[in-house]
Protein chains: 2
Amino acid sequence: MTTEYSGSGDPRRSIELLWGVQERPRRGPKPKLTVPQIAAVAVAVADEEGLPALSMRRLAEQLGVTAMSLYTYVPGKAELIDLMLDTVNGELDMPADLPGGWRGRLRHIAHQNRAMYLRHPWLLQVATSRPPLGPNLVAKYDYELRALDGIGLTDVEMDLTLSMINDYVHGAARGALHAVHVRDSSAVTDQQWWERAAPILAEVLQPERYPTATRVGVAAGQEFDAAYDPERSFAYGLDRLLDGVAALIATREH
Amino acid sequence: MTTEYSGSGDPRRSIELLWGVQERPRRGPKPKLTVPQIAAVAVAVADEEGLPALSMRRLAEQLGVTAMSLYTYVPGKAELIDLMLDTVNGELDMPADLPGGWRGRLRHIAHQNRAMYLRHPWLLQVATSRPPLGPNLVAKYDYELRALDGIGLTDVEMDLTLSMINDYVHGAARGALHAVHVRDSSAVTDQQWWERAAPILAEVLQPERYPTATRVGVAAGQEFDAAYDPERSFAYGLDRLLDGVAALIATREH
DNA sequence: CAGAAACTCTCTACGCTGTACGGTATTCTA
DNA sequence: TAGAATACCGTACAGCGTAGAGAGTTTCTG
């Protein structure tokens with residue numbers, strides 16, 4: 001149990017890896033694998049079994065080689081995670097034209113990013129101390145900025161607005177995954193956890209000390225309990241956020 | 001390198017730990033330590049040396065005991081992290097009255113939470129699969145909801161709005177920490193990283209392929225470079241967000 | 001065409017992690 | 001004062017990332 005870090009090795013090597021600028025090696029046996037293949041399998045393992053299960057040995061086994069032979073492709077695990085990050089950022093579809101003006105475009109971007117987090121929950125667990133500036137990430141940044149271009153914002157405001165949306169999406173995805181995890185765990189353990197925790201909590205948590213929390217918690221619970229819908233929470237937050245952007249744009253128009 | 005998880009043990013034990021409901025044991029030697037003391041030292045270690053450095057052995061050493069003796073206080077590392085989470089959530093100051101109406105109150109909450117993340121960067125790295133419902137977390141939830149009470153929102157909307165703000169703060173703190181880390185690393189390695197990465201990136205990243213990204217990236221870079229101010233980015237996002245809430249409230253008033 | 005060089009891959013090994021287990025010392029209860 | 005309960009420690013195990021040395025394969029060079 002530690003934390004996965006991204007990007008801590010030689011920058012030249014990292015960027016060459018991400019952009020795939022390898023001169024075709026001449027001598028030596030032909031490689032069994034390719035870097036994108038390794039990244040793809042690593043993503044699959046992390047998706048299915050979680051980030052802690054993604055060890056070099058586990059990944060190597062999946063690829064039919066030994067752990068150490070992975071190090072001929074990738075300098076270390078940190079760089080591997082960089083590759084995984086750029087890989088999943090290449091999955092988003094980026095249509096050139098979208099209905100609904102800037103609001104529709106931003107909505108699309110927000111939902112795309114959210115979907116990416118939900119598809120790859122481990123994304124929320126990698127600490128990007130430096131951005132892995134791979135081709136897919138750069139392409140995505142460009143696409144997302146274009147959605148904000150020419151609607152009355154300055155260049156700096158465009159950047160700020162995009163950051164704001166992506167920050168919110170990240171946080172919201174975190175909340176949604178948490179909720180989904182709690183509900184879906186057919187491993188029963190989670191449900192059991194709550195069932196066992198509830199009476200003890202009730203014993204220790206006096207409603208009169210936390211009146212607002214109790215009232216709202218109950219209201220939110222009743223609203224969501226049977227069919228808690230993280231989508232709705234996300235839609236609410238995104239609507240507020242876009243309204244805020246609209247208010248700013250309005251000050252530029254008159 | 002794996003990922004720290006919170007809350008995976010026996011719920012009864014976890015909640016008893018968090019709320020400190022231990023009957024005074026009668027027999028046996030007196031404990032050298034207390035649970036809050038252990039949690040406090042663990043927080044200090046994680047603050048100063050990062051979450052990966054917080055091993056049971058390291059923590060025990062700091063406390064003058066062996067690793068295994070910690071297990072008489074805490075069932076495992078996951079529960080320890082739960083305790084750490086609740087501990088830092090008890091540091092926030094929660095004044096009863098604040099100027100500036102609901103906007104001022106929400107601003108205070110957002111800044112408090114952000115400050116907490118900046119003080120304890122490891123918070124962004126713990127994957128809370130279940131919320132550690134300790135006394136401090138519950139108190140905070142209650143306080144934050146009160147800031148939203150009686151301003152024209154329904155109970156469910158209050159909960160949604162609070163989630164939205166907290167989600168955004170989490171994401172924004174993540175971005176800010178990233179930026180701070182890149183700039184402040186007097187360990188030189190980070191600066192060197194960029195210095196070495198820049199020419200290679202320039203070689204591989206053709207501006208004509210990513211016109212918007214290049215233009216805005218340059219603009220944002222110039223604006224921020226000499227004195228990048230994550231505070232400003234945060235202030236911008238928070239303002240947009242509060243404007244969005246204001247727009248909703250306005251529809252309720254007329 | 002032979003030899004060297006470059007490359008891939010494997011084996012072994014080190015220090016680290018969380019923690020299960022068993023033993024010992026201490027303190028309170030009966 | 002005997003026995004039970006508790007706190008603490010030493011050892012041990014499986015797993016981690018990866019350093020280093022060596023074996024095997026391919027291709028370029030002379």
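Note on naming: letters A, B, ... go to the chains in the order of the sequence lines (proteins, then strands), and numbering restarts at 1 for each one.
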What is the distance, to the nearest angstrom, from the [atom1] atom on [X] to the [atom2] atom on [N]?
X: Ile38(B); N: dA7(D); atom1: CD1; atom2: P; answer: 11 Å
X: Glu49(A); N: dC16(D); atom1: CD; atom2: C1'; answer: 16 Å
X: Glu61(B); N: dC8(D); atom1: CD; atom2: P; answer: 17 Å
X: Glu79(A); N: dG17(D); atom1: CD; atom2: C1'; answer: 12 Å
X: Arg57(B); N: dC9(D); atom1: CZ; atom2: P; answer: 14 Å
X: Tyr73(A); N: dC7(C); atom1: OH; atom2: P; answer: 13 Å
X: Tyr71(A); N: dT8(C); atom1: OH; atom2: P; answer: 16 Å
X: Lys77(A); N: dG15(D); atom1: NZ; atom2: C1'; answer: 12 Å

Report the C-alpha separation of Arg13(B) and Glu16(B) in whole Å, then their side-chain angles, then the decisive distance to 0.1 Å, and conclude whether the salt bridge (charged side-chain N to carboxylate O under 4.0 Å, His left out) test is met. CA-CA 5 Å; Arg13(B) 186 75 201 278; Glu16(B) 283 176 353; 5.2 Å; no

So do the side chains of Leu177(B) and Leu124(B) get within less than 4.5 Å of each other, counting heavy atoms only?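 A side-chain contact under 4.5 Å exists here.
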
Looking at side-chain heavy atoms only, is the closest gap between Val43(B) and His120(B) below 4.5 Å?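 Val43(B) vs His120(B): side chains touch.
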
Considering only heavy atoms and no angle criterion, is a donor-acceptor pair shorter than 3.5 Å present between the side chain of Arg27(A) and the base of dT8(C)?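 No, no donor-acceptor pair under 3.5 Å.
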
Given that Met68(B) and Gly28(A) both sit by DNA chain D, which one's nearest nucleotide is further toward the 5' end?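 In this pair, the answer is Met68(B).
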
Which residue lies toward the 5' end of DNA chain D, Ser55(A) or Pro75(A), if each is placed at its nearest nucleotide?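 Its nearest nucleotide being more 5', the pick is Ser55(A).
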
Given [N], is OP1 or OP2 found less than 4.0 Å from the side-chain N or O atoms of [X]?
X: Lys30(B); N: dC28(C); answer: yes
X: Ser69(A); N: dT10(C); answer: yes
X: Thr72(B); N: dC8(D); answer: yes

Which residue lies more 5' along DNA chain C, comparing Ala67(A) with Met56(B) via nearest heavy atoms: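 First, find each residue's nearest nucleotide; the 5'-ward one identifies Ala67(A).
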
Can you label the angle between the His111(A) ring and the Phe234(A) ring as parallel, tilted or perpendicular, going by 30° and 60°?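 Because their plane-to-plane angle is over 60°, the rings of His111(A) and Phe234(A) count as perpendicular.
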
Residues Lys140(B) and Glu91(B) bridged, charged N to O under 4.0 Å: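 Looking at Lys140(B) and Glu91(B), the cut-off is not met.
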
